Amino acid sequence: MALERPEIDFIDGPPPADLQITDITVGEGDQAGHGSTVSVQYVGVSHSTGEEFDASWNRGEPLRFKLGARQVIPGWDQGVLGMRVGGRRQLVIPPNLAYGDRGAGGLIKPGETLVFVVDLVDVN
């Protein structure tokens, strides 16, 4: 089953104070555990504007990282944990689990809540 690039709907209302994890599709493959190397496809948008700031889909290859090794923002380490290959999850990540008050590279403003749709492609 080939995954299709997700569209992220604009979320009305104030951003949540805590990490929100919503399973869109529950996968049936291997489970992502602490210390696993995972491959994910994702789209990320700013909660305040709904504007996309990054997507692995644009690069044509998944992002690989080791879960729990602080290679990604804390919201990802927590939000991808427990996913199964083939699954799709929406993560709404508050600033304290993202880039905080410093923002990131001019693309993400300080204090921004981030919304990602993440597809788990592989676990090693």
Side-chain angles (χ1 to χ4, degrees):
M1 172 187 84
L3 290 170
E4 293 190 11
R5 179 190 170 101
E7 292 292 322
I8 300 178
D9 294 327
F10 184 75
I11 300 173
D12 283 325
D18 299 313
L19 175 65
Q20 286 188 341
I21 299 170
T22 306
D23 281 311
I24 297 167
T25 304
V26 176
E28 297 184 1
D30 292 338
Q31 190 167 23
H34 194 78
S36 301
T37 298
V38 297
S39 295
V40 298
Q41 290 277 34
Y42 67 90
V43 174
V45 302
S46 297
H47 185 280
S48 64
T49 64
E51 292 293 315
E52 181 180 308
F53 58 80
D54 190 22
S56 62
W57 294 90
N58 299 347
R59 293 186 288 281
E61 62 182 356
L63 172 70
R64 288 176 53 88
F65 65 95
K66 187 172 181 177
L67 262 183
R70 297 183 172 203
Q71 295 175 351
V72 293
I73 58 175
W76 272 49
D77 273 337
Q78 295 175 30
V80 173
L81 190 67
M83 282 186 80
R84 292 190 177 276
V85 171
R88 173 173 281 183
R89 227 175 227 185
Q90 179 171 290
L91 306 177
V92 181
I93 304 176
N96 64 313
L97 295 176
Y99 295 99
D101 291 334
R102 68 182 188 280
L107 294 173
I108 299 169
K109 69 184 186 184
E112 182 65 71
T113 295
L114 308 179
V115 181
F116 289 96
V117 172
V118 179
D119 295 308
L120 185 59
V121 179
D122 194 25
V123 174
N124 294 98

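In what follows, residues are counted from 1 in the order of the sequence shown. Predicted model only: the values in this text are computed from it and were never measured.
For residues 74-84, the set of pairs meeting the side-chain hydrogen bond (donor to acceptor under 3.5 Å, both in side chains) definition, not counting sequence neighbours, comprises Gln31-Arg84. Identified under the salt bridge (Lys or Arg N to Asp or Glu O under 4.0 Å) test for residues 41-60, with sequence neighbours left out: Arg5-Glu52, Asp54-Arg59. The ring-ring contact (aromatic ring centres under 6.0 Å, His included) analysis of residues 5-32, with sequence neighbours excluded, yields no pairs. Identified under the side-chain hydrogen bond (donor to acceptor under 3.5 Å, both in side chains) test for residues 103-121, with sequence neighbours left out: Ser48-Lys109, Ser48-Glu112, Arg88-Asp119. The list of side-chain hydrogen bond (donor to acceptor under 3.5 Å, both in side chains) pairs with a residue in residues 8-23, not counting sequence neighbours, reads Asp23-Arg89. Note on residues 13-35: no pairs pass ring-ring contact (aromatic ring centres under 6.0 Å, His included), not counting sequence neighbours.
Under the 4.5 Å side-chain contact rule for hydrophobic residues, Ile8 and Val118 do not share a cluster. Taking hydrophobic clusters as Ile, Leu, Val, Met, Phe, Trp and Tyr residues chained together by side-chain heavy-atom distances below 4.5 Å, Val40 does not share a cluster with Val121. Residues Ile24 and Tyr42 do not share a hydrophobic cluster, defined by chaining ILVMFWY side chains whose heavy atoms lie under 4.5 Å apart. In this structure, Phe53 is not a member of the same hydrophobic cluster as Val43, with clusters built from ILVMFWY side-chain heavy atoms closer than 4.5 Å. One hydrophobic cluster, built from ILVMFWY side chains closer than 4.5 Å, holds both Val72 and Leu107.
Nearest heavy atom pair, residue Leu19 against residue Gly79, reads CD2-N, 4.2 Å. Annotation for Pro14 and His47: closest pair C-CE1, 3.9 Å, computed over non-hydrogen atoms. For the residue pair Leu120 and Ala32, the shortest heavy atom distance occurs at CD2-CB, 4.0 Å.
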With a cut-off of 3.5 Å and sequence neighbours excluded, list every side-chain donor-acceptor pair involving residues 91-106.
none

Can you give the donor-acceptor pairs under 3.5 Å from side chains of residues 61-70 to other protein atoms, not counting sequence neighbours?
from	atom 1	to	atom 2	distance (Å)
Arg64	NH1	Ser39	OG	3.4

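Residues that satisfy the side-chain contact (heavy atoms from CB on, under 4.5 Å) test with Pro110, not counting sequence neighbours, are absent from this structure. Every side-chain contact (heavy atoms from CB on, under 4.5 Å) that Asp30 has, sequence neighbours left out, goes to Val85, Val123.
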Yes or no on side chain to side chain contact (heavy atoms under 4.5 Å, CB included) for Leu114 and Ile73, after CA distance, side-chain angles and deciding distance? CA-CA 11 Å; Leu114 308 179; Ile73 58 175; 4.2 Å; yes
